[in-house]
There are 2 protein chains.
Amino acid sequence: MARTQGSHAETTGPKVREAALKLFAREGYAAVSMRRIAAEVGVQAGALYLYTPDKQTLLFDLMRGHMEDLLADFAPGSGRPVADLEAFARHHIRYHLDRPDLVFIAYMELRNLDPDNFREIEALRRRYEDRLEAILKAGVADGVFDIPDTKLATMALIAMLTGVTTWYREGGRLGREAVGDIYWDMVRKVVRA
Amino acid sequence: MARTQGSHAETTGPKVREAALKLFAREGYAAVSMRRIAAEVGVQAGALYLYTPDKQTLLFDLMRGHMEDLLADFAPGSGRPVADLEAFARHHIRYHLDRPDLVFIAYMELRNLDPDNFREIEALRRRYEDRLEAILKAGVADGVFDIPDTKLATMALIAMLTGVTTWYREGGRLGREAVGDIYWDMVRKVVRA
DNA sequence: GTTTGAATTGAACGGGTGTTCAGATAACGT
DNA sequence: ACGTTATCTGAACACCCGTTCAATTCAAAC
């Protein structure tokens, strides 16, 4: 029978993922050894294999979880393109600023995924991009947006919004709210009819 | 006296940098061994050390060369903010599409630089960003741009423009010229008074 | 207090790492 | 033809890699 108190399994498991997240983000998947992750957790390397089948799966699970949360956490829905676009932009920034390490990994470690894992993450990313493009297309159809190419605008806007994570620092000159306002202003201008 | 014909030094040196560039971009600095680079060149690992003091310098030289070329290759200069901004945007896209591997490395491998090397690359990057911001500030002063925050606009525009490298594929739906036109349209909208 | 079994250790496996260097190779100036 | 020397090899150095597994630990269950 499984121990329910005093057992370390339920604390060590998350700790392993947290340590891997932190170290992968700071130094990169390839540069971090299982022994370093284990040391961060306070355990020997062998013990990690009670919580993940291997190093690759540790990375993949972090990335898949991030992409699935991103998709689950936001659904447009109002049908009014301007409102939907604002919601998308503000949500994207907030979500990314809340999870800098996960965002960093999701963009940087794609090439360290096995081919099958890469395909799965790419499919999730495509679904997210498609949501933004659907909003843009709806706005063009309604005549409230003027966009020469919705696919390029999608890529351009996501790159612009995600870029916030490269320079934003907590306690800096601007708070999240102000950053959200300014970026929403720029997004709106890009698509404005 | 140095041999000037039949000597391999002058071909092997560039080949080492080319192989490192290609492999670092595809698989990442940490994941590529000196032996793999040597195999790509067609030489034993030891021979690489005739052309670079160590692996770290091989990475650093690639990145510094890229940033210095980027700075040397473009100077704004006209004094007319709209024309300067268009030149900046079109040059940024063209330059980045011409050197996808170097761009990729310059953005992905920052964390694998030794602290001193990191500082130097960061300084070069800052100088490039400052050039764009100077154009934006000049446009605001002239009343031809309406930009709530030139620093944020700088970061947003660079992220947007650099993002082209993540999706552009030679022979795809749009040519470089068309992509340049569409992105310049979006850039102009972001800053338009 | 004893049994039980999940959690963990620590050593081992085969192999790869960046770097060094004595020695072999071969094209050059003479 | 010869000696010089830039170029390169191949082995070695000390160390780190991801992963496995028999043995140990120790809290929970009885």
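Here the structure is a predicted model, which means the values were calculated and not measured. Letters go in sequence order (proteins before strands), and every chain restarts at 1.
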Is it true that A/Arg94 and A/Asp98 have a side-chain N and a carboxylate O under 4.0 angstrom from each other?
no
Nearest-Å distance, NZ (A/Lys15) to P (C/dA7)?
14 Å
Are any of A/Thr12's side-chain N or O atoms less than 4.0 Å away from OP1 or OP2 of C/dT8?
yes
Closest of C/dT19, D/dT19, C/dT9 to the A/Val43 side chain is C/dT9
Non-hydrogen side-chain atoms of B/Glu18 and B/Val41 separated by less than 4.5 Å
no
Let me know the distance between CG of A/Leu59 and C1' of D/dG18, rounded to the nearest Å.
15 Å
So does B/Asp181 pair up with B/Arg90, basic N to acidic O under 4.0 Å?
yes
Is there a donor N/O on one and an acceptor N/O on the other, under 3.5 Å, for the side chain of A/Arg35 and the base of D/dG18?
yes
Which listed nucleotide (C/dG10, D/dT9, D/dG18) is nearest to the side chain of A/Tyr49?
D/dG18
Without decimals, in angstroms, what is the distance between B/Leu50 CG and C/dT19 P?
14 Å
Separation of A/Leu48 atom CG from D/dT20 atom P, in whole Å?
12 Å
Rounded to the Å, how far apart are B/Gln56 CD and C/dT17 P?
18 Å
Does A/Tyr51 make a side-chain N or O approach to OP1 or OP2 of C/dT8 shorter than 4.0 Å?
yes
Just how far, in rounded Å, is P of C/dT17 from CZ of B/Arg36?
9 Å
If I take atom NZ in residue A/Lys55 and atom P in nucleotide D/dT19, what distance separates them, rounded to the nearest angstrom?
8 Å
Is the phosphate of C/dG16, meaning OP1 or OP2, less than 4.0 Å from a side-chain N or O of B/Ser33?
no
Using 30° and 60° as the class boundaries, would you call the ring planes of B/Tyr183 and B/Trp167 parallel, tilted or perpendicular?
parallel
Could you please spell out the steps behind the side chain to side chain donor-acceptor pair (under 3.5 Å) verdict for B/Thr154 and B/Glu129?
CA-CA 7 Å; B/Thr154 299; B/Glu129 293 167 2; over 6 Å; no
Considering only heavy side-chain atoms of A/Gln44, the closest of D/dT9, D/dG18, C/dG10 is C/dG10
For B/Val32, report the nucleic acid contact type (base, sugar-phosphate, nothing); a contact means any heavy atom under 4.0 Å.
sugar-phosphate
